[in-house]
Engineer: 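Below is a structure I'd like to ask you about.
Any value given below was found using the heavy atoms of this structure, including those in side chains, with hydrogens, waters and symmetry copies removed.
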Amino acid sequence: MEAAGVVMVGAGIAGLTAALAAAETDDVCVLAGGGPEASSSSRAQGGLAAAVGEGDDPHLHAEDTLRAGAGLCDAERVRELVAAAPAVVEWLAQLGVPFDRDPSGRLALGREGGHARARIVHAGGDATGRFITEALWQAALRHPRIEIRQEHCVGIARDASGRAVGAWTWDGARHRLVGARRAVGLATGGVGALFGRTSNPPSAVGAGVALAYHAGATLANLEFVQFHPTLWLGRDGDAMLVSEALRGAGAVLVTELGAPLFADPADNLRTRDVIALAIARAEADGHRVFLDATKVPEVAARFPSIAARLRRAGLDLASQPIPVTPGAHFLMGGIEADLAGRTSVPGLFALGETACTGVHGANRLASNSLLECVVMGRRFSEAVGHEPCTRTHTAEDPEWLLRPEQDEAVLSELAPLMWSSVGIVRDAPGLRAALAELEQMAERYPGSGAVLAASLIARSALWRRESRGSHVRRDAPAPNPAYARPSRIGKAHSAFTSVAITT
């Protein structure tokens with residue numbers, strides 16, 4: 001059996017940050033799957049939120065985050081997250097991330113929905129994720145204690161006590177076991193591809209959720225899937241996120257008749273759950289919705305990637321409104337973890353979007369995701385240092401292994417079901433019908449992590465009989481104080497229960 005001190009699954013911003021931090025004291029094996037280009041991190045446009053501007057401070061950043069989270073945020077962890085943000089920006093800059101700056105050399109700060117201040121640092125205008133991911137990837141390639149493999153994790157190896165002691169991998173031809181002397185980290189991204197219409201890459205099918213579930217970990221808040229309000233859909237079926245920073249720069253939403261979607265222009269910068277629902281309701285009434293950025297100064301220069309992609313489709317961001325529609329974007333729930341990534345399974349850590357730390361609550365505040373990835377990755381190293389290090393763990397034979405080819409086969413059937421029944425607006429009859437179909441899919445595709453993740457999301461949505469943040473129930477349209485708590489579910493406790501995470 002091959003082994004490393006740490007096995008990290010995923011090569012997005014969370015996984016690479018964690019690998020670099022852990023490699024300062026131990027050897028790390030990164031299971032990169034499709035590489036950094038296949039991650040959601042590389043697609044992130046808007047930027048990273050940090051209270052670094054004049055008149056701003058972490059307390060105000062925390063207030064905005066808590067307000068967006070609709071009563072489900074862990075307030076203490078939110079304060080820890082935002083307090084760490086200025087140091088994160090400094091660390092990334094030292095690593096070589098070329099953050100945009102104004103003529104005086106100060107960080108250029110954008111504003112996005114839900115933020116009371118301009119506090120979004122960005123790179124390349126609208127290519128922040130790509131620049132950060134590339135800087136981390138190059139640093140990982142250079143590091144002498146990091147080994148990178150283009151293999152997929154298909155199972156968490158555990159010993160007789162239940163401790164995570166490695167990962168089962170698949171390289172397209174054979175399985176192998178890579179042992180972990182200290183810890184296994186899951187940084188596998190989200191679930192957007194389960195819904196078909198998404199800003200996420202095709203690999204975002206909830207693999208981390210499925211792997212952790214079969215490893216015995218507790219999952220939390222899976223019903224909270226954020227639908228980004230403004231995706232542009234190309235004729236080829238490709239979807240592109242149209243950054244919220246455009247609305248922060250002055251773009252507004254209008255109908256096909258040119259009428260404002262919101263009577264008050266300030267409402268264009270409300271939180272994503274509010275905007276996405278407003279667009280969905282307009283579409284249900286027979287309207288198309290457009291983003292009008294024609295009055296944003298130098299819009300093509302400020303958002304070069306978006307403008308170039310639209311130009312290739314024959315659209316001019318500077319002179320005509322762009323058709324937009326909501327799409328699945330981010331999972332607020334996931335594998336329950338603290339800000340260092342510790343889960344309920346000894347030796348198993350979860351980082352980034354696949355983790356549920358409580359900082360996003362029922363609706364993530366824009367640009368807090370990249371921040372969370374880096375904060376968790378840097379804290380991961382210290383937590384792993386306290387894990388027992390041993391070479392004597394014996395992995396049990398796996399009870400279940402993920403079969404990626406089954407995910408590929410089922411998605412064309414799964415995605416329309418999830419969009420129609422577990423999408424922006426849900427109700428009990430639709431969720432029950434979806435679960436019945438998902439049960440049949442599970443029988444036909446028993447190795448599909450996508451079907452499992454979809455089923456867990458639908459079960460969680462059926463349990464939460466209220467509307468809160470990104471979770472909207474037409475049969476329970478208001479928040480219910482009885483549900484002002486996280487939902488928790490796991491393989492060992494099929495009902496929704498309270499399970500504590502030791503920190």
Side-chain angles (χ1 to χ4, degrees), residues 1-10 14-31 77 80 140 143-149 151 153-169 176-188 208-209 211-220 334-352 354-357 375-401 490-493 499-503:
M1 178 185 70
E2 303 167 87
V6 172
V7 174
M8 181 57 57
V9 184
L16 292 173
T17 301
L20 287 166
E24 295 304 308
T25 57
D26 212 335
D27 57 323
V28 179
C29 176
V30 176
L31 302 177
R77 289 181 181 171
E80 291 179 24
H143 203 291
R145 280 199 286 265
I146 296 179
E147 177 192 11
I148 297 176
R149 297 186 181 186
E151 298 176 19
C153 177
V154 293
I156 303 302
R158 293 185 294 160
D159 65 11
S161 72
R163 181 179 183 83
V165 296
W168 296 97
T169 75
R176 75 176 87 193
L177 173 61
V178 181
R181 295 188 297 273
R182 286 192 185 275
V184 177
L186 290 173
T188 52
V209 168
L211 292 166
Y213 176 85
H214 278 289
T218 299
L219 311 171
I335 308 160
E336 191 168 44
D338 66 11
L339 278 177
R342 299 178 187 90
T343 74
S344 59
V345 174
L348 181 64
F349 288 69
L351 304 131
T354 199
C356 179
T357 63
V375 169
M376 292 190 77
R378 298 180 77 192
R379 290 190 173 205
F380 169 78
S381 176
E382 182 180 352
V384 166
H386 291 98
E387 292 291 312
C389 183
T390 178
R391 299 177 185 271
T392 59
H393 287 305
T394 300
E396 300 272 283
D397 289 337
E399 297 178 0
W400 177 88
L401 290 177
K491 191 175 183 179
H493 42 90
V499 180
I501 299 295
T502 303
T503 61

Engineer: Assess whether side-chain contact (heavy atoms from CB on, under 4.5 Å) is satisfied between R158 and H214, documenting all intermediate values.
Structural biologist: CA-CA 11 Å; R158 293 185 294 160; H214 278 289; over 6 Å; no
Engineer: What distance do M8 atom CE and L31 atom CG have between them, rounded to the nearest 0.5 Å?
Structural biologist: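 Separation between the atoms: 9.5 Å.
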Engineer: Can you name the nearest heavy-atom pair linking L401 to G155, along with the distance?
Structural biologist: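 Here L401 and G155 meet closest at CD2-CA, 4.0 Å.
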Engineer: Do H143 and E24 touch side chain to side chain, with heavy atoms closer than 4.5 Å?
Structural biologist: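 Result yes, sub-4.5 Å side-chain heavy-atom pair found.
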Engineer: Can you list the residues that meet the salt bridge (charged side-chain N to carboxylate O under 4.0 Å, His left out) rule with D26, with sequence neighbours excluded?
Structural biologist: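 Salt bridge (charged side-chain N to carboxylate O under 4.0 Å, His left out) check on D26 returns R181, R182.
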Engineer: Okay, side chain of S381, backbone of A21: is any donor-acceptor separation there less than 3.5 Å?
Structural biologist: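 Answer holds: yes.
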Engineer: List the atom of A140, the atom of I148, and the distance in Å for their closest heavy-atom pair.
Structural biologist: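 Closest approach of A140 to I148: CB-CD1, 4.2 Å.
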Engineer: Could you walk me through whether C153 and L211 pass side-chain contact (heavy atoms from CB on, under 4.5 Å), step by step?
Structural biologist: CA-CA 9 Å; C153 177; L211 292 166; 3.9 Å; yes
Engineer: Does the distance from a Lys or Arg side-chain N to an Asp or Glu carboxylate O, for E80 and R379, drop under 4.0 Å?
Structural biologist: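 So E80 pairs with R379 through a salt bridge.
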Engineer: Can any side-chain N or O of S344 pair as donor or acceptor with the backbone N or O of T218 at less than 3.5 Å?
Structural biologist: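 The answer is yes, because a donor-acceptor pair under 3.5 Å joins these two groups.
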Engineer: Do you know which two heavy atoms are closest between A19 and I146, and how far apart they sit?
Structural biologist: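 Heavy atoms only, the tightest pair is O-CD1, 3.8 Å.
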Engineer: So with a 6.0 Å cut-off around CD of E382, is the heavy-atom count from everything else above 12?
Structural biologist: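 No, because the 6.0 Å sphere around CD of E382 holds 12 heavy atoms or fewer from other groups.
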Engineer: Using modelled atom types only, decide if a donor and an acceptor are shared between the side chain of D27 and the backbone of G5 within a distance under 3.5 Å.
Structural biologist: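 Yes; judged by distance alone, with no hydrogens or angles, the pair exists.
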Engineer: Mind running side-chain contact (heavy atoms from CB on, under 4.5 Å) on V165 and D159 for me, showing each step along the way?
Structural biologist: CA-CA 7 Å; V165 296; D159 65 11; 3.9 Å; yes
Engineer: Could you go through the side-chain contact (heavy atoms from CB on, under 4.5 Å) check for V384 and F349 one step at a time?
Structural biologist: CA-CA 9 Å; V384 166; F349 288 69; 4.2 Å; yes
Engineer: What residues form a salt bridge (charged side-chain N to carboxylate O under 4.0 Å, His left out) with R176, not counting sequence neighbours?
Structural biologist: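 Partners of R176 under the salt bridge (charged side-chain N to carboxylate O under 4.0 Å, His left out) test: E2, E151, D171.
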Engineer: Taking only residues two or more places apart in sequence or in another chain, which ones pass side-chain hydrogen bond (donor to acceptor under 3.5 Å, both in side chains) with R378?
Structural biologist: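 side-chain hydrogen bond (donor to acceptor under 3.5 Å, both in side chains) list for R378, sorted by chain: empty.
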Engineer: Could you tell me which non-hydrogen atom of A350 sits nearest to which non-hydrogen atom of M376, and how far apart they are?
Structural biologist: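 The answer is O-CE, 3.3 Å.
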Engineer: So, do I156 and W168 sit near enough that their side-chain heavy atoms are less than 4.5 Å apart?
Structural biologist: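 The answer is no, as the side chains (C-beta and beyond) never meet within the 4.5 Å cut-off.
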Engineer: Measure across G208 and T354 and return the closest heavy-atom pair with its distance rounded to 0.1 Å.
Structural biologist: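 Looking at all heavy atoms of both residues, the shortest contact is CA-OG1, 3.7 Å.
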Engineer: What is the minimum heavy-atom distance between L177 and A157, and which atoms define it?
Structural biologist: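 Nearest heavy atoms, L177 then A157: CD1-CB, 3.5 Å.
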Engineer: Less than 4.5 Å apart, side chain to side chain, heavy atoms only: is that true for L186 and L351?
Structural biologist: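 Of all side-chain heavy-atom pairs linking L351 with L186, none is under 4.5 Å.
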Engineer: Is it true that a side-chain atom of R163 and a backbone atom of V345 form a donor plus acceptor pair closer than 3.5 Å?
Structural biologist: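 The answer is no, because no donor-acceptor pair under 3.5 Å joins these two groups.
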